[in-house]
**Student:** 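Sharing a structure below in structure tokens format, with a few things to ask.
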Amino acid sequence: MKKFFCVVAVCAATVFCCGCGEKRPAKIQSVDTAMGTVIQQSIYTTDELSNGAEEILDLLRELEEQELSRRIDTSEIWAVNASAGNKEGYMLSPQLAEVLEKCLDVWKQSEGAFDVTMGPVVSLWDIDGWAAGEREGTFVLPEDELLRDALEHCGSEKLQLNESRLYLPEGMMLDLGAVGKGIALDRILEYLEKDEKITGAIISAGGSVLTFGEKPDGSDWKVSIANPAEPSESIGVLTLAGQWCISTSGDYERYVEVDGVRYHHIINPATGYPADSGVSGVTVLTKDGFLSDALSTACFILGPEKGTVLAAQYGAEVLFVNRDGSIRMSDGMRKYFQGAK
Ligand code: FAD
Ligand code: MG
């Protein structure tokens with residue numbers, strides 16, 4: 001992904017004194033790129049010399065380069081994928097073993113809609129590459145035969161995980177694109193919890209947002225939900241106090257259009273084609289980053305009926321924006337969502 005911009009704007013990190021000897025936190029803001037997406041941070045801290053924003057960026061780049069990216073040859077996922085067909089299997093790190101187990105759980109609960117073994121089909125479509133303008137020529141749909149062959153090399157039921165040893169059959173490929181930013185939010189949360197001088201933060205990694213602590217004036221966090229039909233506009237706002245993770249999956253950012261038909265990046269494992277559940281955007285609200293990201297992808301594929309049941313199984317709230325513009329949400333979501341007037 002081209003580094004299309006890299007601005008780090010550290011707002012006058014003045015720490016105000018309240019007159020009572022107590023420091024009032026300053027706001028540090030930064031915008032940068034990592035994991036193929038834009039990372040926006042607003043951090044409130046009583047440490048005027050805080051380099052929290054830079055450290056969080058380093059943490060994300062490390063996560064991408066050392067653990068999660070299937071595109072970078074230094075990552076563990078790359079090594080796992082390179083082990084496909086290897087009879088000895090691959091000994092996963094404790095972190096990746098835990099991630100894979102959680103992915104397999106969502107795979108089971110979603111009846112296979114969410115499946116991190118979709119790598120061969122995802123890379124055959126290569127929607128990310130086309131949508132990012134990184135490919136030359138004209139996008140053409142994958143040929144049926146290639147798609148059938150790629151699909152035969154997908155399916156979490158073909159994985160064997162014994163303790164932490166993973167046996168990945170020949171031709172298979174893991175792709176953690178659907179959970180990478182959620183995992184990133186979990187790591188950022190660990191970081192924020194350790195820094196006693198950070199009193200609040202709101203951090204977004206593409207479509208995944210983390211809220212933490214509180215603002216100096218005690219007001220709630222506001223997280224806007226984009227209108228899939230007009231992504232620069234909002235359909236409404238979530239008003240949240242304290243720590244939350246909010247992930248959105250949609251068909252309006254990473255897609256290509258051919259003859260008026262939109263082909264986006266979320267693939268239905270049952271067909272090998274972009275999911276077509278009548279939904280344009282799904283937002284999931286929960287405390288856990290991994291779950292918010294995994295469930296938003298799964299719910300996008302499953303659609304409102306099954307998606308609402310799945311989210312409830314994990315205690316998460318969910319909001320669907322259907323292609324016709326109508327909105328459907330879980331009962332618990334109503335407490336946090338205010339529609340745009
Ligand atoms: P989500 O709904 O969260 O996820 C959609 C993504 O999940 C798809 O893009 C695909 O990767 C995967 N997927 C599709 N169907 C399924 C399914 N049925 N089950 C499970 N997963 C599915 N993008 C670039 O263009 N260039 C990069 O260099 C790049 N590097 C990245 C590095 C990392 C570590 C990560 C996590 C992502 C990177 N990305 C990159 C972006 C990535 O390819 C996905 O497009 C992105 O993660 C999608 O996130 P989302 O929140 O928009 O959608
Ligand atoms: Mg996701």
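Atom set for the values below is all heavy atoms of this structure, side chains included, hydrogens, waters and symmetry mates excluded. Numbering of ligands and ligand atoms starts at 1, following listing order. Everything numeric in this text was worked out from a predicted model, so none of it was measured.
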**Student:** What protein N/O/S atoms lie closer than 2.8 Å to the Mg ion (ligand 2)?
**Tutor:**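 Result, waters dropped: Ala178 O, Asp293 O, Asp293 OD1, Thr297 OG1.
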**Student:** If I apply the N/O under 3.5 Å rule, does Ser296 come out as touching ligand 1?
**Tutor:**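 No, no N or O pair falls under 3.5 Å.
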**Student:** Can you check whether Arg71 has an N/O within less than 3.5 Å of an N/O in ligand 1?
**Tutor:**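 Yes, at least one N or O pair falls under 3.5 Å.
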**Student:** Kindly confirm or rule out an N or O of Gly129 lying under 3.5 angstrom from an N or O of ligand 1.
**Tutor:**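 No, Gly129 has no N/O under 3.5 Å of an N/O on ligand 1.
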**Student:** Could you measure the distance from the CD1 atom of Ile39 to the CD1 atom of Ile56? Nearest 0.5 Å is fine.
**Tutor:** 10.5 Å
**Student:** Examine Phe114 against ligand 1 and note whether any of their N/O atoms are separated by less than 3.5 Å.
**Tutor:**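 N/O-N/O distance under 3.5 Å: no.
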**Student:** Should side-chain heavy atoms under 4.5 Å link Ile, Leu, Val, Met, Phe, Trp and Tyr, which residues sit in the same cluster as Val261?
**Tutor:** Met118, Val121, Val122, Leu124, Trp125, Ile127, Trp130, Phe139, Leu141, Leu146, Leu147, Leu151, Val256, Val258, Tyr263, Ile267, Tyr273
**Student:** Judging by distance only, is a nitrogen or oxygen of Ala113 under 3.5 angstrom from one on ligand 1?
**Tutor:** yes
**Student:** When you measure from atom 43 (O) of ligand 1 to each heavy atom in Asp128, Thr33, Leu295, Val284, which option holds the nearest one?
**Tutor:**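 Checking each option, the heavy atom nearest atom 43 (O) of ligand 1 is found in Asp128.
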**Student:** Got a second to check how far Ser110's OG is from Gln313's CD, nearest 0.5 Å?
**Tutor:**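 It is 9.5 Å, given to the nearest 0.5 Å.
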**Student:** Does the pair Arg24/Asp217 count as a salt bridge with the N-to-O cut at 4.0 Å?
**Tutor:** no
**Student:** Within the structure, is a non-hydrogen atom of Pro269 found at a distance of less than 4.0 Å from ligand 1?
**Tutor:** yes
**Student:** Would a 4.5 Å heavy-atom cut-off, applied to side chains only, mark Leu159 and Leu104 as touching?
**Tutor:** yes
**Student:** Which of the atoms in ligand 1, numbered in the order shown and given with their element, are less than 4.0 Å from a heavy-atom of Ser249?
**Tutor:** 1 (P), 2 (O), 3 (O)
**Student:** If every non-hydrogen atom of Thr199 is compared with every non-hydrogen atom of Pro25, which pair is closest and at what distance?
**Tutor:**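 Result for this residue pair: OG1-CG, 3.3 Å.
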**Student:** Regarding atom 21 (N) of ligand 1: of the candidates Ala131, Ala178, Ala270, which has the closest heavy atom?
**Tutor:**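 Among Ala131, Ala178, Ala270, the closest heavy atom to atom 21 (N) of ligand 1 comes from Ala178.
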**Student:** Under 4.0 Å from a heavy atom of Asp175: which atoms of ligand 1 are those, numbered in the order shown and with their elements?
**Tutor:** 10 (C), 11 (O), 12 (C)
**Student:** For the OG atom of Ser292 and the NZ atom of Lys287, what is their distance to the nearest 0.5 Å?
**Tutor:**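 Output value for this atom pair is 12.0 Å.
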**Student:** Can you figure out which of Met35, Lys181, Arg254 has its heavy atom closest to atom 50 (P) of ligand 1?
**Tutor:** Lys181
**Student:** Do Arg334 and Met329 come close enough that some side-chain heavy atom pair is under 4.5 Å?
**Tutor:**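 The answer is yes; the side chains approach within 4.5 Å.
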**Student:** With side chains defined as the heavy atoms from C-beta onward, is the minimum distance between Arg328 and Thr308 less than 4.5 Å?
**Tutor:**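 The answer is yes, as the side chains (C-beta and beyond) meet within the 4.5 Å cut-off.
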**Student:** Applying a heavy-atom cut-off of 4.0 Å, say which part of Val122 lies close to ligand 1: side chain, backbone, both or neither.
**Tutor:** side chain
**Student:** Which option, His265, Arg70, Glu67, owns the non-hydrogen atom nearest atom 8 (C) of ligand 1?
**Tutor:**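 Residue with the shortest heavy-atom distance to the ligand atom: His265.
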**Student:** Any idea which atoms of ligand 1 are less than 4.0 Å away from a heavy-atom of Ile301?
**Tutor:** 17 (C), 18 (N)
**Student:** Could you give me the CA-CA distance, side-chain angles and deciding distance for Asp276 and Arg262, then say whether salt bridge (charged side-chain N to carboxylate O under 4.0 Å, His left out) is met?
**Tutor:** CA-CA 10 Å; Asp276 188 17; Arg262 182 175 289 194; over 6 Å; no
**Student:** Once you restrict to heavy atoms under 4.0 Å, what part of Asn268 touches ligand 1? Side chain, backbone, both or neither.
**Tutor:** neither
**Student:** At the 4.0 Å heavy-atom cut-off, does Gly119 count as touching ligand 1?
**Tutor:** no
**Student:** Would you please say whether a donor-acceptor pair under 3.5 Å links the side chains of Asp105 and Tyr314?
**Tutor:**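 A donor-acceptor contact under 3.5 Å links the two side chains.
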**Student:** Could you please spell out the steps behind the salt bridge (charged side-chain N to carboxylate O under 4.0 Å, His left out) verdict for Arg187 and Glu62?
**Tutor:** CA-CA 11 Å; Arg187 298 287 173 92; Glu62 240 172 62; over 6 Å; no
**Student:** Determine whether the side chains of Glu64 and Ser69 contain a donor N or O and an acceptor N or O closer than 3.5 Å.
**Tutor:** no
**Student:** Report yes if some N/O of Gly177 lies less than 3.5 Å from some N/O of ligand 1; otherwise report no.
**Tutor:** yes
**Student:** Any atoms of ligand 1 less than 4.0 Å from a non-hydrogen atom of Gly180? List them with their elements.
**Tutor:**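 Here the atoms of ligand 1 in question are 36 (C).
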**Student:** Within the structure provided, determine whether Val179 and Leu68 are in side-chain contact (heavy-atom separation under 4.5 Å).
**Tutor:**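 No. Closest side-chain heavy atoms not under 4.5 Å.
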**Student:** What do you reckon, does Glu134 have a nitrogen or oxygen under 3.5 Å from a nitrogen or oxygen of ligand 1?
**Tutor:**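 In fact, backbone or side chain, Glu134 has no N or O that close.
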**Student:** Heavy-atom contacts under 4.0 Å between Glu253 and ligand 1: side chain, backbone, both, or neither?
**Tutor:**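 Neither; nothing of Glu253 gets under 4.0 Å from ligand 1.
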**Student:** Scan side-chain atoms only and decide if Ser296 and Ser247 contain a donor-acceptor pair under the 3.5 Å cut-off.
**Tutor:** no
**Student:** Under 4.0 Å between a side-chain nitrogen and a carboxylate oxygen: does that hold for Asp175 and Arg70?
**Tutor:**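 The answer is yes: the pair qualifies as a salt bridge.
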